[in-house]
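To start, the structure itself, in structure tokens.
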Amino acid sequence: MVSSDNLRDLLAGTGAELRESVRLADLTTLRVGGPATVAVCASTDTLVRTVGALDAKGVPVLLVAGGSNLLISDDGFDGVVVEIATGNVELGADGVLAEAGANWDGVVARTIEAGFGGLECLSGIPGSAGATPVQNVGAYGVEVATLLRRVQLLERASGAIRWAEPAELGFGYRTSKLKHSDDAVVLAVDFALDPSGTSAPLRYGELARTLEVTDGGTRPAALVRAAVLGLRAGKGMVLDPADHDTWSAGSFFTNPVVPHARVDAVRARITAHVGDVTIPTYAAPDGVKFSAGWLIERAGFAKGFPGPDAAARLSTKHTLALTNRGAATAADLVALARMVREGVEARFGIHLEPEPVTVGLTL
Ligand code: EPU
């Protein structure tokens, strides 16, 4: 690591504000993570200069914005955490342009208040606008990839800034070329919206039922936003500092996609353990998507597992969220994640993949 004096010299003139011995727990929604030096970047120019200066000296960089998809080690980060604290949002005639650090739900709310449809199903998701393309954030049948017009990137190797088209970003279910790669930093996102204020087609059963639409129908975006916020809150998926069920990284595992060739065998195995029930599944491009939350619960991990005294437990509202009850460490969460993953694998032969990015630890 570079000394703090050297770091001050290195970042002088970038506009970044340097903070030492910051608890990274305070920058993440799981509220775990040890100490690090943080460079707060309040403008896109500052962000570009800061990443450029650190990269030029080979200083390890961890980018953090909303902190809602990160599980950081209790040892912290040995390098510099670059906090993306940008936030400009510009509404156009048929879309919205947001800087990476803009609060995502704030962006969604503004578009809907301004009469645009499109983003309503993605209401109430914690985190920043710039993080949404990285893992192709999705909820209630809509993924950001379907609405994104372009993504502004800083290419770290060359220092070039350019707009990338969705087609080159390799979007898939909760993934893109930007995930698990440090090659580029998202600086801004540009979404195409519907100026009529009509929602995207409503295809997710639970939401369609709530709004009494038949599959693929639409409703005014504001109405859909309110319904989504209600559903999410009921599952503990809207941040609330007073509710430990929301001290999470959202879904901790992605829903596993089982290749067509294995689906019958997996179904038979589940039925053998659980009985002849309806197993919730969804169509996926390369197979059938099973519900991780459902599998976790049927593998013996009930909501709230392992019980009220544990520092880290499953949310009492949704088994797919691992939560910090106030005093959990990253190690506690890792231990719980491993137990759940191994339990599901042992019972159903399905391997769950974590959704959050891990820093300084592996599961
Ligand atoms: N279920 C259980 N037990 C639970 C929770 C759910 O058995 O404790 C069952 C439900 O009964 C339902 C099924 O699991 O049959 C699916 O549950 P839900 O509708 O809550 O959706 P999910 O598949 O668990 C996904 C996304 C969420 C997104 C919702 C709504 C993933 C990994 N998760 O959850 O995204 O908000 O659908 O669209 O794709 C996130 O990615 O962080 C996230 C919260």
Side-chain angles (χ1 to χ4, degrees), residues 28-30 66-71 104-105 108 119-128 131-146 171-176 179 199-211 224-225 227-239 245-257 270 273-274 277-284 288-305 313-323 337 340-341 343-344 347-348 350 352-357:
T28 67
T29 57
L30 263 172
S68 60
N69 202 43
L70 277 177
L71 174 53
W104 173 251
D105 192 52
V108 174
L119 299 179
E120 57 286 333
C121 285
L122 304 172
S123 293
I125 296 177
S128 65
T132 61
V134 177
Q135 62 151 350
N136 188 16
V137 161
Y140 299 100
V142 174
E143 291 181 338
V144 292
T146 59
F171 288 118
Y173 166 58
R174 292 296 188 280
T175 193
S176 79
K179 196 167 179 181
S199 75
L202 302 169
R203 303 195 193 286
Y204 199 82
E206 187 186 29
L207 181 62
R209 280 192 298 279
T210 306
L211 288 164
V224 177
R225 173 172 169 79
V228 167
L229 287 175
L231 288 176
R232 287 190 69 95
K235 297 178 191 182
M237 295 287 184
V238 179
L239 289 183
D245 276 333
T246 73
W247 290 31
S248 78
S251 298
F252 194 87
F253 297 101
T254 50
N255 287 329
V257 176
I270 296 173
H273 281 291
V274 178
V277 294
T278 308
I279 304 168
T281 57
Y282 313 89
V288 173
K289 198 192 274 177
F290 284 71
S291 158
W294 190 92
L295 293 169
I296 289 169
E297 187 147 351
R298 273 75 194 173
F301 304 100
K303 296 181 184 72
F305 177 88
R313 44 188 314 217
L314 301 185
S315 159
T316 69
K317 302 185 183 79
H318 201 293
T319 55
L320 200 44
L322 271 62
T323 64
V340 167
R341 174 143 96 164
V344 169
R347 175 143 289 193
F348 300 126
I350 292 182
L352 297 180
E353 289 296 342
E355 188 182 293
V357 171

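Both ligands and their constituent atoms are indexed starting at 1 by order of listing. Numbering starts at 1 and runs along the sequence shown. These numbers come from the heavy atoms of this one structure, side chains and all, not from hydrogens, waters or symmetry mates.
Distances below 4.0 Å separate heavy atoms of Gly250 from the following atoms of ligand 1: 42 (O). Taking every heavy atom of Arg232 and a limit of under 4.0 angstrom, the matching atoms of ligand 1 come to 36 (O). Counting the atoms of ligand 1 from 1 in the order shown, those under 4.0 Å from a heavy atom of Thr254 are 32 (C). Below 4.0 Å from some heavy atom of Phe253 lie the following atoms of ligand 1, by number and element: 32 (C). Those atoms of ligand 1 that come under 4.0 Å of a heavy atom in Lys235, given as number and element, are 18 (P), 19 (O), 20 (O). Residue Tyr282 has at least one heavy-atom neighbour below 4.0 Å for each of these atoms of ligand 1: 13 (C), 16 (C).
With a heavy-atom cut-off of 4.0 Å, Pro280 touches ligand 1 through its side chain alone. In Phe290, neither the side chain nor the backbone holds a heavy atom less than 4.0 Å from any atom of ligand 1. When heavy-atom distances to ligand 1 are checked against a 4.0 Å cut-off, Asn255 comes that close through both its backbone and its side chain.
Taking only non-hydrogen atoms, the option from Lys303, His318, Glu143 nearest to atom 17 (O) of ligand 1 is His318.
Taking a distance limit of 4.0 Å, we find that atom 11 (O) of ligand 1 is approached by no protein heavy atom.
For the pair Leu207 and Val224, the minimum side-chain heavy-atom distance is below 4.5 Å.
The single protein non-hydrogen atom nearest to atom 38 (O) of ligand 1 is Tyr140 N, 2.5 Å, given as residue, atom name and distance. Protein heavy atom nearest atom 14 (O) of ligand 1, with residue, atom name and distance: Ser291 OG, 2.8 Å. Counting protein heavy atoms only, atom 7 (O) of ligand 1 is closest to Arg298 NH1, 2.6 Å. Closest to atom 37 (O) of ligand 1, if we only count protein heavy atoms, is Tyr204 OH, 3.5 Å. Shortest contact from atom 26 (C) of ligand 1 to any protein heavy atom: Arg174 NH2, 3.4 Å. Looking from atom 1 (N) of ligand 1 to the surrounding protein, the closest heavy atom is Trp294 N, 3.9 Å. The protein atom (non-hydrogen) at minimum distance from atom 31 (C) of ligand 1 is Tyr173 OH, 3.4 Å.
For the side chain to side chain contact (heavy atoms under 4.5 Å, CB included) with Leu320, the qualifying choice from Asn255, Leu352, Val340 is Asn255, the only one to do so. Each of Asn69, Thr254, Asn136 was scored for a side chain to side chain contact (heavy atoms under 4.5 Å, CB included) with Arg174, with one residue passing: Thr254.
Considering backbone and side-chain atoms together, Glu297 places an N or O closer than 3.5 Å to an N or O of ligand 1. Of the polar atoms of Ser251, at least one N or O is found under 3.5 Å from an N or O of ligand 1, judged by distance alone. Remark: ligand 1 and Thr319 share an N or O pair separated by less than 3.5 Å (distance only, no angle test).
Listed by chain and number, the residues in a side chain to side chain contact (heavy atoms under 4.5 Å, CB included) with Leu229 are Ser123, Arg225 (sequence neighbours excluded). The side chain to side chain donor-acceptor pair (under 3.5 Å) test applied to Glu353 returns no partner, not counting sequence neighbours.
Ring geometry for His273 versus Phe348: interplanar angle over 60°, hence perpendicular rather than tilted (30 to 60°).
Closest heavy-atom contact between Ala249 and Leu30: N-CG, 3.8 Å.
Salt bridge Glu355/Lys179: absent, no basic N to carboxylate O contact under 4.0 Å.
Residue Glu143 holds its CD atom at 9.0 Å from CG of Leu122, rounded to the nearest 0.5 Å.
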